[in-house]
Each structure stands twice: as structure tokens, then as C-alpha cells.
Amino acid sequence: MSFSTSDTIVAIATPAGRGGLGVVRLSGPDAARIAGELAARTKPFKARHATFAKVAGDQVVVTVFPSPHSYTGEDVAEISAHGSPVVLAGILRASLDSGARLAEPGEFTLRAFLQGKLDLIQAEAVADLIDAVTPLQARAAFDQLEGTLTSDIAGIEAELFDVMARLEASLDFPDEGYHFVGPREASESLATLVGRIDVLLAQAARGRLIREGAQVAIVGAPNVGKSSLFNALLNANRAIVTAVPGTTRDLLTERAEIGGLSIALIDTAGVRDTNDVVEQEGVSRARGTLDVADLILVVLDRSRPLAPDDLELLAATRGKPRVVALNKIDLPSAWDREPGAGSRESIENAPVPGSRFPVPDCVELSVRTGEGMEAIVSGISRALCAGEQLRDRPAITNIRHASLLDRARASLVRATAALDKGIPEEFPLIDLQDAANALQEIRGRRTSEDLLRHIFEKFCIGK
Ligand SMILES: Nc1nc2c(ncn2[C@@H]2O[C@H](COP(=O)(O)OP(=O)(O)OP(=O)(O)O)[C@@H](O)[C@H]2O)c(=O)[nH]1
Ligand SMILES: [Mg+2]
């Protein structure tokens, strides 16, 4: 990744493959000159006007955006051609021959950041927006691109600087016997800032879930209908379903969208003791998901009495985020008929110390008839969001932002405590400086090249 902006970069900005249109984008001091050369023009292009031209044997439309009114803040030329990989490669080659350099992933957005068109929050939001697979992910990223989080952080930073300036002034003019800000007043202002950070952090878990999605594992004894539920949630006939217990042998993972969340749904082998080595491996993988999944969907078959395997899974998932699905309610219930062995009572009294069976997260279901499917979907999203509404978009979705906010908060709390104890200003000021640094890092106003490299290399080429 190059941090120089003195050369002109070029890339195909549209996805690989054939399409109606394809766009080649140039950015840098020579962008307009190169576009002019490719189009064999004698006059310069009119700024921000779509101009018909012939480039590399294709009919194209060229638009030149002079600095600073462009995506990168530099001179930009966009060449819109027919979406043929051959044509686009020809334009790319001609641009390189005229002196452009191939852009690295994210380099256009990096330049926008270096030119001050975007801060780091917004640059990261560009990548999130491109990667979004659910509308909620896209909206949360778009809010950040629009600058909602930027202005929240900037507001906190500005107030922090104000407190710091006044504390420093008190320090610099000790003889005046005048405090620009008393320790009490300073500590109260800082407590307000901690409150504002807390509001942002409160959304962080949900925000991360929206941005990164969650792993949901479907577990249960053999033949209870795990794969059937997996297929139903995916709306696709992905996993093999048969009446033979032990059908699924391996983990199957597919992306699904549930309640606006992007989810990695995992189907697992039915858990039971078996002598079959292949199945044993499947069962051990199934058990392994209990430790890694964000949510466990425990499936029970209500048409047969609870077996020791069911009880074992209920015990193993107790206390973890889980939803219990009672499947096959289209069949007569074995639990009503046989109080004792298979009744709900026996789940509640499953041989595990601690809490009762949590009835609220228990959903009755028939994958065969579809009854209860809506309840299971809302049960999953409720369990994942711990009851919070997913409709509103959280400002904090990115773990980098959350951890820097955590650091700023901790420093503010330390400074507040020191002020309250009457410790001389220079000590709390060290903590306040650290809080300020953390806030500045969020927006990218203090960043190492390594961090920038790390963030921008995840972009696609041409962005
Ligand atoms: N009546 C009824 N049968 C169902 C229902 N859901 C699944 N089944 C049937 O139960 C049998 C087992 O279904 P699967 O989805 O393969 O069960 P599984 O839990 O994945 O089984 P293993 O992979 O062997 O652990 C199949 O014959 C399904 O058609 C349901 O809601 N009602
Ligand atoms: Mg299965």
C-alpha cells in the first residue's frame, strides 16, 4: 500500500465479469490528461459533464471531476464503457501505458482519507457498505458514512479539549490564585462525557452483531428434525433429510438472513453414543459448536419421550444463549401422554443444578406444516439481540471503535477519580490526554501507517 499521492492510479471500478456497463476510474494529477490521451482529444473535457468519446476501440462516456470536488479529492476521470472484460482490460492497459499505476485495494478511499474528504470512520463505513448483505447492515454503514458517529465523537472530543485547556490554564498560572476550572466542575463535565460514551457503547454489542453477523448452531438428538429446520430457515433444500437417525454426519454451514441479521447457520450431526467412527467424529464436531456458536438452537422431538441425549444437551446448553424448539407438534405429543419420562416437568427438573428450564425461550414448532416457523425466527432474533429492537441503527458497529471508546472511557474515569481526590491537575491531565488520543484514533486523526494498511487492504480493488 502506497501512501504517496503524487502519482495517478487506475482500476476497473465495477465487478469482474460481464455487465451492462463497466467503469474504469483514474485518480491523481494526470487523470484528466490520461483520459484526454485515451480519447485522442485536443480540448480538455468539460468538468463534471458526461462526454461521448472513443477509447480503446469502444464507445465510452468520459466524466472528469476536477479536484477537490471528487470522491478522492484529487482529479478523477471515470470512463464508462460497455461491460466487457476485454474492453475494460484494454482501457486499463492504455491508461497504464499513458503513465497511470494500477491501484491497490482500497486506494481510492485511502486517498479520499488522506485528502481529508472522509475520516477513518467514514472510510471504514465505505467498506462496510460494499460488504453489506442485509438492508440493516447497509443502513448502519450508510449512517456512519453520512457522519453520525463522526459528529458524536467530534462533540465529545471538543468538550474534552475544553476541560483540558481550562485545567492546563489553571496549572500554568498557579500564582494568580485563580482556577480557570475548579476540580469539582471539571470532574462533573468529565462525568457527562463518560455518560455520552456509555450511550454509544451500549449499542456496541448489537452493532457488532449487525455488522459481523452471528453463528447459530442447530443441535439435538438424531432424527428430531434439525436438518429439516436448517433447510426451512434457509428456504432451500440444502441438507439431506431422511427418516434414518444419523443422516447428518458433518457440519453444514450456510449464510442466512434472519430478522435483518446476517447469520451463519450450522446444521450438526445428531448427538448420541455410536460405534460408527464417522458418526463419532460428526457428534464431536456437533458438541464443539456449543462452545463457539453465538446462539444454540436445541431441537427436541415432542412426539417421543425425552431421551438421555436430549437431557444431556439441555444440560450442556443451560446458561448459554439458546432457543429450545419443540418440533413435530403436528404429531401426537408423547409428553402429554406420558407424564414423567417425557413431560415438560422432566425438562424443568433435568438433572442439572441451578435455574429452571426457561420456558420463555421454548418454541413449539412443526417444520412439516410450517406452524411456529415465525415464532422460531423471532425467537432467534430476540435471543441474539437480548430483547433490543433491531430496527434502529446503532452508531457503533465496529470493534475498533468500541475498544477505543472503552479506552477513552477508562481514562476519563481515572481522571475524574483523581480530580475528586484533589490530586494535582497534572496527573489527571495525563489521563485526559490518553482519552483524547483514543478519540482521535477513532476518526483517524492519529494513526500509524500499519493501521491504515490493515484497514484498507480489506477493501476491494477499484474502491
Ligand atoms: N411429522 C413431522 N416429521 C418431521 C418434522 N420435521 C422433520 N420431520 C421428519 O423427521 C425425520 C428426520 O428429519 P431430519 O431433518 O433429517 O432430522 P435430523 O435431526 O437432521 O436427523 P439427523 O441428521 O439424523 O440427526 C424426517 O423423516 C423428517 O421428514 C415435523 O415437524 N413433523
Ligand atoms: Mg440431519
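Counting starts at 1 for both ligands and their atoms, in listed order.
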Decide whether an N or O pair under 3.5 Å exists between [X] and ligand 1.
X: D267; answer: no
X: V224; answer: yes
X: L331; answer: no

Pairing of [X] and [Y] as salt bridge, 4.0 angstrom limit:
X: R414; Y: D431; result: yes
X: R249; Y: D276; result: yes
X: R111; Y: D7; result: yes
X: E441; Y: R445; result: no
X: E107; Y: R101; result: yes
X: D450; Y: R453; result: yes
X: E124; Y: R400; result: yes

Short list, please: which atoms of ligand 1 are under 4.0 Å from a heavy atom of [X]?
X: G225; answer: 7 (C), 13 (O), 14 (P), 15 (O), 17 (O), 18 (P), 19 (O)
X: G270; answer: 25 (O)
X: P222; answer: 25 (O)
X: T242; answer: 11 (C), 12 (C), 13 (O), 16 (O), 26 (C), 27 (O)
X: A243; answer: 27 (O)
X: K226; answer: 15 (O), 17 (O), 18 (P), 19 (O), 20 (O), 21 (O), 22 (P), 25 (O)

Give the residue, atom name and distance (to 0.1 Å) of the protein heavy atom nearest [atom].
atom: atom 31 (O) of ligand 1; value: V367 N, 2.9 Å
atom: atom 1 (N) of ligand 1; value: D330 OD2, 2.9 Å
atom: atom 29 (O) of ligand 1; value: R368 NH2, 3.1 Å
atom: atom 22 (P) of ligand 1; value: N223 N, 3.6 Å
atom: atom 4 (C) of ligand 1; value: K328 CE, 3.7 Å
atom: atom 28 (C) of ligand 1; value: V241 CG1, 3.7 Å
atom: atom 6 (N) of ligand 1; value: N327 ND2, 3.2 Å

Tell me the nearest of S228, S366, G372, G246 to atom 24 (O) of ligand 1, using heavy-atom distances. G246
A293 backbone acceptor or donor facing K320 side chain under 3.5 Å: no
Kindly say whether R208 contributes a backbone atom to a donor-acceptor pair with the side chain of T397 at under 3.5 angstrom? no
To check you understand the geometry: which heavy-atom pair defines the closest contact between F456 and L120, and what is its length? CE1-CD1, 4.0 Å
Would you name the heavy atoms of A13 and R25 that are closest together and state the gap between them? CB-CB, 4.4 Å
For ligand 1, the portion of [X] having any non-hydrogen atom under 4.0 Å away:
X: V244; result: backbone
X: P245; result: backbone
X: T247; result: both

I240, CD1: over 12 other non-hydrogen atoms inside 6.0 angstrom: no
On the six-membered ring of F230, is R238 placed so that its NZ or CZ lies under 6.0 angstrom from the centre and within 45° of the ring axis? no
Can you give the angle S227 OG - the Mg ion (ligand 2) - T248 OG1, rounded to 10°? 90°
